[in-house]
Amino acid sequence: MLVRPAARHPWLLLLALASAPACRAAPEEAGYFGTAQRASRDWTTLYVNNYDEPEFLDPGLGADGASATLLYELFEGLVVRHPEDLHPVPGVAIRWERSDDNRIYRFQLRPEARWSDGKPVTAHDFVYAWRRVLTPKTGSRMAALLYPIKNGKPFHQGKIADPAALGVRALGDLGLEVELERPTPYFLDLVGYQAFFPVRQDVVERFAAQGRPDLWFREGNIVSNGPYELESWKFRYEIAMRRNPYHYDRDKLKIHRIVWMALPEHNATLSLYKTAEIDLVAENVALPAEQMERLGAMKDYWRSVYLATYWYDLNVTKPPLTDVRVRRALDLAIDKRLLVDRVTRSGQVPATHFVPDQTVSGYAELAAADRRAGTDPFAGPGHDFAPERARELLREAGYPIERRGPDWHAAGFPPLEILYNTGEGHRKIAVALQDMWKRALLERAAATADATQGMLLYRRAEERAVAGMCRLPLYFYTKSGLVKPYVKGFYPNALNKHPVRFLWLDPDWRRASGNRPAYEPGELGPPGRIAAP
């Protein structure tokens, strides 16, 4: 009888074989989780689990984590992120200028930048790509990232029809000028996101004209400008990349090939790492919560703060969530400390607002100053776990708590439906919240322009958003994972981005010491000055 492994989880067959009695497991390295031996594997090939199938290998559409991770290797924007601290370093742009009012930016592109078919990367490619993201019919979920561009928002909303009205224009082949609606202190960081990557108009529109716009980024069709190009794509199995032969840094890359698995199983990923079938656990994969205490003691364990917030969006157009008192009751009924300590268990920080306190451009300093002065607008009564006050708010909203037989109910309160990502961690959170709402609200009822100034305005606006409670903030993320001791150039960071171009594998890691990137990127340096007209 021929038995075929399930196409959805082909790597599970590998796990079964690895654990069979006839197979000899590699010896574990003292202090590390599993083995640090790669056997006869090529030391220029990196193996990673990307956790899931990407939605799009299209920079304008790939908003999910699995897509984004791959896009950062296949494409390159004006800047890339330094592997250690993520500050912008030269990508396609090698120099920049900025006006005195911080509203106009000019970028000089490197003449040696090439697409994977050898054609030059030009400013026109950026103009086309940015206009495409903002074009309503494109349906990009990341279009709002480009709203700082002049007329970006009204163009995306269909209030302006002429793309020439957008504040992005080519100054020849190698010059790009961007005009912003207002000063945006973080704009140089912003252009490092995938929504700002260039795409080739002739490649994209050739398949769009055939009525198959999704084919342009498939194997054999895609043309990209990043350090790696697509080698193969086995649906729901693995994606392989190889060095882009035309990339200007090709000869500096120490990882020549990347194999990305698509296995959405946390414990299975851990097993693959243990046997060195994959070299690191990062980006899109979470460690199993029940294993955190054990893994946290390992030498190859890492953890960092992460600039992201876990929240639940609320549908405020339908009762009972149209009433802010109900929304606040749901928030106050969640014991967020218990959630991160007992459910997620990865060192996350309970959130009472939306912007992580570690946010750059002056926000972190303002948050710290508020805490020192005792004036933190997101701390204390009204923000802490308060089930009694939550029940009072429900009663004020017209839903009194009453007994019906052995159970307690909020009279007249309709069922609430929770829609959540199908990942196992998300399900645990949804179940925990459901239980907390039941206990806190029902079962206990018987008993009772300048960057700093800009960030100050953002923080005040955030107060208004929290008061409206259109979404429930749960926690500020941390990220943790595992990295084999032979992987070099890996640095935990607040965006959990680890560019493969700066990684390398050291077969002599036991004798060598220290950690360094595969090569040192250049620096953009301070901007030149664009004089006022």
Side-chain angles (χ1 to χ4, degrees), residues 56-62 67-68 70-80 88-97 105-135 137-138 140 142-143 145-146 148-152 155-156 162-179 187-188 190-209 213-218 221-230 244-250 501 524:
F56 302 97
L57 291 187
D58 180 331
L61 297 176
S67 298
L70 303 177
L71 289 168
Y72 279 104
E73 307 302 338
L74 291 171
F75 291 86
E76 182 175 285
L78 296 170
V79 301
V80 298
V89 297
V92 178
I94 51 176
R95 289 187 299 277
W96 64 303
E97 299 173 299
Y105 287 71
R106 289 178 187 156
F107 297 94
Q108 180 68 30
L109 309 190
R110 62 172 76 233
E112 70 272 26
R114 292 289 185 274
W115 292 97
S116 54
D117 63 358
K119 294 184 178 180
V121 178
T122 72
H124 306 285
D125 298 322
F126 283 92
V127 173
Y128 170 74
W130 295 10
R131 287 179 176 180
R132 177 174 175 260
V133 171
L134 286 167
T135 298
K137 70 177 183 180
T138 301
S140 174
M142 297 180 293
L145 288 176
L146 280 72
I149 297 172
K150 184 178 180 180
N151 291 325
F155 179 79
H156 182 243
D162 185 2
L166 290 171
V168 54
R169 59 192 65 89
L171 306 176
D173 286 343
L174 299 179
L176 183 71
E177 182 174 273
V178 185
E179 184 177 358
F187 185 69
L188 193 63
L190 197 61
V191 296
Y193 283 89
Q194 70 265 27
F196 292 84
F197 292 171
V199 295
R200 276 261 297 278
Q201 182 174 3
D202 61 318
V203 176
V204 173
E205 295 191 353
R206 179 168 77 250
F207 291 97
D214 57 316
L215 290 185
W216 83 263
F217 54 82
R218 297 294 175 180
N221 300 334
I222 187 171
V223 177
S224 59
N225 75 315
Y228 297 92
E229 65 176 1
L230 185 65
N244 177 355
Y246 295 100
H247 192 266
Y248 58 90
D249 272 346
R250 179 189 183 278
R501 66 197 297 169
L524 274 173

Looking at Tyr248, I'd like to know if the NZ or CZ of Arg114 sits under 6.0 Å from its six-membered ring centre while staying within 45 degrees of the ring's axis.
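Output no; distance or angle outside limits.
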Take Glu76 and His247 through the test side chain to side chain donor-acceptor pair (under 3.5 Å) and record every step on the way to the result.
CA-CA 10 Å; Glu76 182 175 285; His247 192 266; 3.0 Å; yes
Carboxylate-amine/guanidinium contact Asp58 Arg132, below 4.0 Å:
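A salt bridge links Asp58 with Arg132.
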Pair Asp125 + Arg200: basic N to acidic O under 4.0 Å:
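No salt bridge links Asp125 with Arg200.
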Parallel under 30°, tilted from 30 to 60°, perpendicular over 60°: which one fits the rings of Tyr105 and Trp96?
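If you compare the ring of Tyr105 with that of Trp96, the planes turn out parallel.
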List the steps and the verdict of side chain to side chain contact (heavy atoms under 4.5 Å, CB included) for Leu171 and Leu176.
CA-CA 6 Å; Leu171 306 176; Leu176 183 71; over 6 Å; no
Between [X] (side chain) and [Y] (backbone), is there a donor-acceptor pair under 3.5 Å?
{"X": "Ser140", "Y": "Gly60", "answer": "yes"}
{"X": "Thr122", "Y": "His124", "answer": "yes"}
{"X": "Asn151", "Y": "Ala165", "answer": "yes"}
{"X": "Ser116", "Y": "Ser224", "answer": "yes"}
{"X": "Gln194", "Y": "Tyr72", "answer": "no"}

Quick check: do [X] and [Y] have side-chain heavy atoms less than 4.5 Å from each other?
{"X": "Pro90", "Y": "Val80", "answer": "no"}
{"X": "Leu78", "Y": "Leu188", "answer": "no"}
{"X": "Val204", "Y": "Pro213", "answer": "no"}
{"X": "Pro245", "Y": "Glu229", "answer": "yes"}
{"X": "Phe217", "Y": "Leu230", "answer": "no"}
{"X": "Leu174", "Y": "Pro111", "answer": "yes"}

Residues in side chain to side chain donor-acceptor pair (under 3.5 Å) contact with Glu97, at least two apart in sequence or another chain
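None.
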Side chain to side chain donor-acceptor pair (under 3.5 Å) partners for Asn221, two or more places apart:
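Once residues adjacent in sequence are excluded, Asn221 has no partner under the side chain to side chain donor-acceptor pair (under 3.5 Å) criterion.
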Stepwise side chain to side chain donor-acceptor pair (under 3.5 Å) test for Asn244 and Trp115:
CA-CA 8 Å; Asn244 177 355; Trp115 292 97; over 6 Å; no
Gap between atom [atom2] of [Y] and atom [atom1] of [X] - 0.5 Å precision:
{"X": "Asp249", "Y": "Arg501", "atom1": "CG", "atom2": "CZ", "result": "5.5 Å"}
{"X": "Ile222", "Y": "Asp117", "atom1": "CD1", "atom2": "CG", "result": "11.5 Å"}
{"X": "Leu57", "Y": "Trp216", "atom1": "CG", "atom2": "CH2", "result": "8.5 Å"}
{"X": "Ile149", "Y": "Arg131", "atom1": "CD1", "atom2": "CZ", "result": "10.5 Å"}
{"X": "Tyr246", "Y": "Lys119", "atom1": "OH", "atom2": "NZ", "result": "11.5 Å"}
{"X": "Asp162", "Y": "Phe155", "atom1": "CG", "atom2": "CZ", "result": "8.0 Å"}

[X] and [Y]: which non-hydrogen atoms are nearest, and at how many Å?
{"X": "Leu524", "Y": "Ala93", "value": "CD2-O, 3.9 Å"}
{"X": "Gly62", "Y": "Ser67", "value": "CA-CB, 3.8 Å"}
{"X": "Pro227", "Y": "Glu73", "value": "CD-O, 3.2 Å"}
{"X": "Val127", "Y": "Ala170", "value": "CG2-N, 3.7 Å"}
{"X": "Pro198", "Y": "Gly77", "value": "CD-CA, 4.3 Å"}

All salt bridge (Lys or Arg N to Asp or Glu O under 4.0 Å) counterparts of Glu177, not counting sequence neighbours
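Only Arg106, Arg169 meet the salt bridge (Lys or Arg N to Asp or Glu O under 4.0 Å) criterion with Glu177.
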Starting from the C-alpha separation in whole Å, work towards a yes-or-no answer on side chain to side chain contact (heavy atoms under 4.5 Å, CB included) for Ile94 and Leu109.
CA-CA 6 Å; Ile94 51 176; Leu109 309 190; over 6 Å; no
One pair to check against side chain to side chain contact (heavy atoms under 4.5 Å, CB included): Thr138 and Leu61. What are the steps and the verdict?
CA-CA 8 Å; Thr138 301; Leu61 297 176; 4.0 Å; yes
Would you confirm whether the ring centroid of Phe107 sits within less than 6.0 angstrom of the ring centroid of Phe126?
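When the ring centroids of Phe126 and Phe107 are compared, they turn out to be at least 6.0 Å apart.
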State yes or no: are the ring centers of Phe196 and Trp130 separated by less than 6.0 Å?
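They qualify: ring centres under 6.0 Å apart.
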